Amino acid sequence: MSASRLPPVTLSLKQFLQRQKVLGLYRTMLRTIRQVPNEQDRKYLRDWAREEFKRNKGATDQDAIRMMVTQANMHLQDLQKSLALAKS
């Protein structure tokens, strides 16, 4: 029998929605990083993003998670603006 991918504790609706938001942010971040033209920069950013999300994986404080999501959104917007400027 294969191991279940479900967490050992059932999440509340609020936690589930927040988890989905974080996963969506992570995917968007990685998709945006794929657009970076320089391979070394792309690898550095990808490793940085993975490490940051992995490091904060066990966070449970809702306020801290909201703050981290806000900060990640700001980083994502900065990266998107830089890519847009580089293309123009």
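Small disclaimer: the values here were computed from a predicted structure and weren't measured.
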Asker: Report yes if some heavy atom in the side chain of Val36 is under 4.5 Å from a heavy atom in the side chain of Leu79; otherwise report no.
Answerer: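 Contact flag for Val36/Leu79 side chains = yes.
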
Asker: State whether the number of non-hydrogen atoms from other residues, nucleotides or ligands found under 6.0 Å of Gln20 atom CD is greater than 12.
Answerer: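 Yes, because the 6.0 Å sphere around CD of Gln20 holds more than 12 heavy atoms from other groups.
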
Asker: Taking Glu51 first and then Lys54, would you say they form a salt bridge - that is, a charged N and a carboxylate O separated by under 4.0 Å?
Answerer: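 No, Glu51 and Lys54 are not salt-bridged.
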
Asker: Checking Asn38 side chain against Asp41 main chain: does a donor-acceptor pair fall under 3.5 Å?
Answerer: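 At least one qualifying donor-acceptor pair exists.
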
Asker: Would you say Val22 ends up clustered with Phe16 if hydrophobic residues are merged whenever their side chains have heavy atoms under 4.5 Å apart, either directly or through other cluster members?
Answerer: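 No, it is not one cluster - the side chains of Phe16 and Val22 are not joined through contacts under 4.5 Å.
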
Asker: Does Lys43 form a side-chain contact (heavy atoms from CB on, under 4.5 Å) with Glu39? I'd like the steps, not just the answer.
Answerer: CA-CA 6 Å; Lys43 181 181 180 339; Glu39 186 175 342; 5.7 Å; no

Asker: State, with a plain yes or no, whether a side-chain heavy atom of Gln35 is found less than 4.5 Å away from one of Gln80.
Answerer: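 The answer is no; the side chains never approach within 4.5 Å.
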
Asker: Could you give the distance from CG (Leu30) to CZ (Arg46), rounded to the nearest 0.5 Å?
Answerer: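 Reported value, rounded in 0.5 Å steps: 8.5 Å.
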
Asker: Do Leu83 and Pro37 come within less than 4.5 Å of each other through their side chains, counting heavy atoms only?
Answerer: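 Heavy-atom side-chain distance check passes, below 4.5 Å.
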
Asker: Are Arg66 and Gln18 packed together at the side-chain level, in the sense that at least one heavy-atom pair is separated by less than 4.5 angstrom?
Answerer: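 Answer yes - side chains close enough.
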
Asker: One pair to check against side-chain contact (heavy atoms from CB on, under 4.5 Å): Phe53 and Lys57. What are the steps and the verdict?
Answerer: CA-CA 6 Å; Phe53 277 86; Lys57 182 179 180 179; over 6 Å; no

Asker: Does any non-hydrogen side-chain atom of Thr28 lie less than 4.5 Å from one of Arg31?
Answerer: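 They are in contact (side-chain heavy atoms under 4.5 Å apart), so the answer is yes.
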
Asker: Could you grab the distance from atom OG1 of Thr32 to atom NE2 of His75, nearest 0.5 Å is fine?
Answerer: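 That separation rounds to 14.0 Å.
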
Asker: Write down the atom of Met68, the atom of Ala59, and the distance for their closest heavy-atom approach.
Answerer: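 Heavy-atom minimum between the residues: CE-CB, 3.7 Å.
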
Asker: First locate atom NZ of Lys81, then atom CG of Leu76, and finally report the distance between them rounded to the nearest 0.5 Å.
Answerer: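 It is 10.5 Å, given to the nearest 0.5 Å.
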
Asker: Could you measure the distance from the OG1 atom of Thr70 to the CD1 atom of Ile65? Nearest 0.5 Å is fine.
Answerer: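 Between Thr70 OG1 and Ile65 CD1, I get 12.0 Å after rounding to 0.5 Å.
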
Asker: What are the two closest heavy atoms between Ile33 and Ala49, and how far apart are they?
Answerer: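 Result for this residue pair: CD1-CB, 4.0 Å.
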
Asker: Nearest 0.5 angstrom please: Leu25 CG to Asn73 CG, how far?
Answerer: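 Nearest 0.5 Å value for the CG-CG distance: 5.0 Å.
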
Asker: May I ask whether Leu23 and Met67 are part of the same hydrophobic cluster, defined by side-chain heavy atoms of I, L, V, M, F, W, Y residues being less than 4.5 angstrom apart, directly or through others?
Answerer: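 No, Leu23 and Met67 fall in different hydrophobic clusters.
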
Asker: When rounded to the nearest 0.5 angstrom, what distance separates CD in Gln15 from OG1 in Thr10?
Answerer: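 Separation between the atoms: 10.0 Å.
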
